Amino acid sequence: MSTPFDLPQRPRLGISACLLGDPVRYNGGHKESYLCSRSLAQHFDFVPLCPEVAIGLGIPREAIRLVGDPAAPRAVGNRHQRDHTEALAEFGEIMAAQLADISGYIFMQKSPSCGLERVKVYQANGHPVDGGGRGIYANAFCALHPDLPVEEDGRLNDPVLRENFLTRVYAHAQWQAMRRAGLSHKAVIDFHSRYKYQLMANDPVQYKALGRLLGSIGEHPVDVIGPRYFSALMIALKKCATRGTHSNVLQHLCGYLKRHLSREEKAELQRLIEQYRSGIVPLVVPMTLLKHHFNGHPDRYIAQQAYLQPHPEELSLRNAL
Ligand code: SF4
């Protein structure tokens, strides 16, 4: 199994247990996601959690819903109105402290406990408010892990969002591995250097801002500038790359080959990049040709770029971009 940048171990991901097929829902059912249970499970060590079972609600149980203020909703039982808000929030805080080593979390959508966004929040008139809110457990957990890549299962069906999430997961895992090995000014600069073209694809403006931030890195203790840099990096990587920004990065990469390729080879590369830009072929097509040329004409700087392989090739994430 390939691990980009030789990660010492497979990344660990938190996940709503029902998404792996565990029969933990209020009605004794599950919501198995084959993407998670079959495809992603080959690359990640999942930590399945069901907060409602963990706080002792049992299976089957009375269904819960969110009510009140969407910014601070309460989680109450549908029939008996029992309030589970404190218990779910407290469990979220406990798990956030225990799971300090995970690199991401996949939450079950629409759940009053696990949902990340647009969860229905009911008003006194019995109708849900526009926009909805966030599940109680997910909210408490994420508040203590602001840099952690998190996503809902439904959104992972979108190839762009899926690729973006998993790119962030591997970046997070890389950073954690680096921190365990010992954070230093040089390590932070090297990390930024490896993510140069990935950042350029995701957020060209932030790429420049992060470069400026590290320009004065020597003036700050590493335990201050390191986390500051990483928080900004994770925000930048959350922005999805487009065909335009990918094409721009591909052109930059071509520049490293210009002295090595024939006129015909350059023309072929340009043709594929243009076909990618206009939506005729997926990203993997020009990337494959570029990698082929870099194999023949290795470049040490390009070889260490996360952009060339930000996640395992077996996930085929760029076939759908
Ligand atoms: Fe349990 Fe969360 Fe799944 Fe509901 S959505 S069954 S609380 S894991």
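If you're wondering where the values come from, they're calculated on a predicted model, not measured in any experiment.
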Participant: Kindly determine whether Glu268 and Arg271 satisfy salt bridge (Lys or Arg N to Asp or Glu O under 4.0 Å), including the steps that lead there.
Facilitator: CA-CA 5 Å; Glu268 174 69 352; Arg271 190 176 67 81; 3.2 Å; yes
Participant: Side chains of Glu313 and Lys291, heavy atoms from C-beta outward: is any pair under 4.5 Å?
Facilitator: yes
Participant: Could you state the interatomic distance from CG (Leu233) to CD (Gln206), rounded to the nearest 0.5 Å?
Facilitator: 9.5 Å
Participant: Could you go through Arg82 and Glu62, starting from their C-alpha distance and side-chain angles, then the distance that decides it, and tell me whether this counts as salt bridge (Lys or Arg N to Asp or Glu O under 4.0 Å)?
Facilitator: CA-CA 10 Å; Arg82 206 172 133 210; Glu62 182 185 6; over 6 Å; no
Participant: Side chains of Leu199 and Leu237: does their closest heavy-atom pair fall under 4.5 Å?
Facilitator: yes
Participant: Check which hydrophobic residues are tied to Tyr122 through side-chain heavy-atom contacts below 4.5 Å, counting indirect links as well, and list them.
Facilitator: Val67, Val76
Participant: Distance check, rounded to the nearest 0.5 Å: Gln309 atom CD versus Leu315 atom CG?
Facilitator: 9.5 Å
Participant: Taking Cys18's backbone N and O only, do any of them form a donor-acceptor pair with Ser16's side chain (distance below 3.5 Å, no angle check)?
Facilitator: no
Participant: Can you say whether the rings of Phe107 and Tyr105 are parallel (under 30°), tilted (30 to 60°) or perpendicular (over 60°)?
Facilitator: parallel
Participant: For residues Leu272 and Leu290: do they belong to one hydrophobic cluster (side chain heavy atoms under 4.5 Å, members Ile, Leu, Val, Met, Phe, Trp, Tyr)?
Facilitator: yes
Participant: For Ile59 and Pro23, which heavy atoms make the closest approach, and how far apart are they?
Facilitator: CD1-O, 3.5 Å
Participant: Under a 4.5 Å cut-off applied to non-hydrogen side-chain atoms, are Leu166 and Leu156 in contact?
Facilitator: no
Participant: Scan Arg12, Gln9, Arg10 and name whichever one has a side chain to side chain donor-acceptor pair (under 3.5 Å) with Asp45.
Facilitator: Arg10
Participant: Describe, in one word, how the ring planes of Phe230 and Trp175 are oriented to each other, choosing from parallel (under 30°), tilted (30 to 60°) and perpendicular (over 60°).
Facilitator: parallel
Participant: To the nearest 0.5 Å, how far apart are CE in Met200 and NE2 in His252?
Facilitator: 4.0 Å
Participant: For Tyr276, does its backbone N or O pair with a side-chain atom of Arg243 as donor and acceptor, under 3.5 Å?
Facilitator: yes
Participant: Distance from His260 atom NE2 to Lys266 atom NZ, nearest 0.5 Å?
Facilitator: 10.0 Å
Participant: Sort out for me which residue in Lys31, Arg118, Arg134, Arg162 forms a salt bridge (charged side-chain N to carboxylate O under 4.0 Å, His left out) with Glu152.
Facilitator: Arg118
Participant: Near Arg263 CZ, under 6.0 Å, is it more than 12 heavy atoms from other residues, nucleotides or ligands?
Facilitator: no
Participant: For residues Tyr307 and His246, establish whether the separation of their ring centroids is below 6.0 Å.
Facilitator: yes
Participant: For Tyr301 and Ser193, run side chain to side chain contact (heavy atoms under 4.5 Å, CB included): C-alpha distance rounded to whole Å, both residues' side-chain angles, the deciding distance at 0.1 Å, then the answer.
Facilitator: CA-CA 9 Å; Tyr301 183 63; Ser193 180; 3.2 Å; yes
Participant: For atom NZ of Lys110, is the number of surrounding heavy atoms from other residues, nucleotides or ligands below 6.0 Å larger than 12?
Facilitator: no
Participant: Is there side-chain contact between His311 and Thr167, with heavy atoms separated by less than 4.5 Å?
Facilitator: yes
Participant: Less than 4.5 Å apart, any side-chain heavy atom of Pro48 and any of Asp22?
Facilitator: yes
Participant: Find the distance between OG (Ser37) and CG (Leu19) and round it off to the nearest 0.5 Å.
Facilitator: 9.0 Å
Participant: According to salt bridge (Lys or Arg N to Asp or Glu O under 4.0 Å), who are the partners of Asp299, at least two apart in sequence or on a separate chain?
Facilitator: none
Participant: To the nearest 0.5 Å, tell me how far Ile106 CD1 sits from Cys114 SG.
Facilitator: 12.5 Å
Participant: What residues form a side chain to side chain contact (heavy atoms under 4.5 Å, CB included) with Ile235, not counting sequence neighbours?
Facilitator: none
Participant: Show, in sequence, the C-alpha distance, side-chain angles and deciding distance for His192 and Tyr229, and conclude whether the side chain to side chain donor-acceptor pair (under 3.5 Å) test is met.
Facilitator: CA-CA 9 Å; His192 181 63; Tyr229 165 78; 2.9 Å; yes
Participant: For the residue pair Val169 and Pro11, what are the closest heavy atoms and their distance?
Facilitator: CG1-CB, 4.3 Å
Participant: Can you tell me how the ring of Phe141 sits relative to the ring of Tyr137, calling it parallel under 30°, perpendicular over 60° and tilted otherwise?
Facilitator: tilted
Participant: Carefully, step by step, assess Gln109 and Leu116 under the rule side chain to side chain contact (heavy atoms under 4.5 Å, CB included).
Facilitator: CA-CA 7 Å; Gln109 62 185 359; Leu116 278 178; over 6 Å; no
Participant: Quick check on side chain to side chain donor-acceptor pair (under 3.5 Å): which of Gln251, Glu265, Gln275 does Gln270 satisfy it with?
Facilitator: Gln251
Participant: How far apart are the closest heavy atoms of Pro70 and Val129, and which atoms are they?
Facilitator: CG-CG1, 3.5 Å
Participant: For Gln174 and Arg194: C-alpha separation, side-chain torsions, deciding distance, then whether side chain to side chain contact (heavy atoms under 4.5 Å, CB included) applies.
Facilitator: CA-CA 11 Å; Gln174 296 295 329; Arg194 287 207 305 270; 4.2 Å; yes
Participant: Between His127 and Gln123 (side chain of the first, backbone of the second, donor and acceptor by atom type, cut-off under 3.5 Å), is there such a pair?
Facilitator: no
Participant: What's the verdict on side chain to side chain contact (heavy atoms under 4.5 Å, CB included) for Lys238 and Met234, showing C-alpha distance, side-chain angles and the deciding distance?
Facilitator: CA-CA 6 Å; Lys238 204 170 176 188; Met234 294 313 288; over 6 Å; no
Participant: May I ask you to test the Leu49-Leu99 pair for a side-chain heavy-atom distance under 4.5 Å?
Facilitator: yes
Participant: Would you check if Asn139 and Leu88 make a side-chain contact, meaning some heavy-atom pair closer than 4.5 Å?
Facilitator: no
Participant: Do Ile15 and Leu40 come within less than 4.5 Å of each other through their side chains, counting heavy atoms only?
Facilitator: no
Participant: For the CG atom on Asn27, are there more than 12 heavy atoms of other groups (residues, nucleotides or ligands in this structure) within a distance under 6.0 Å?
Facilitator: yes
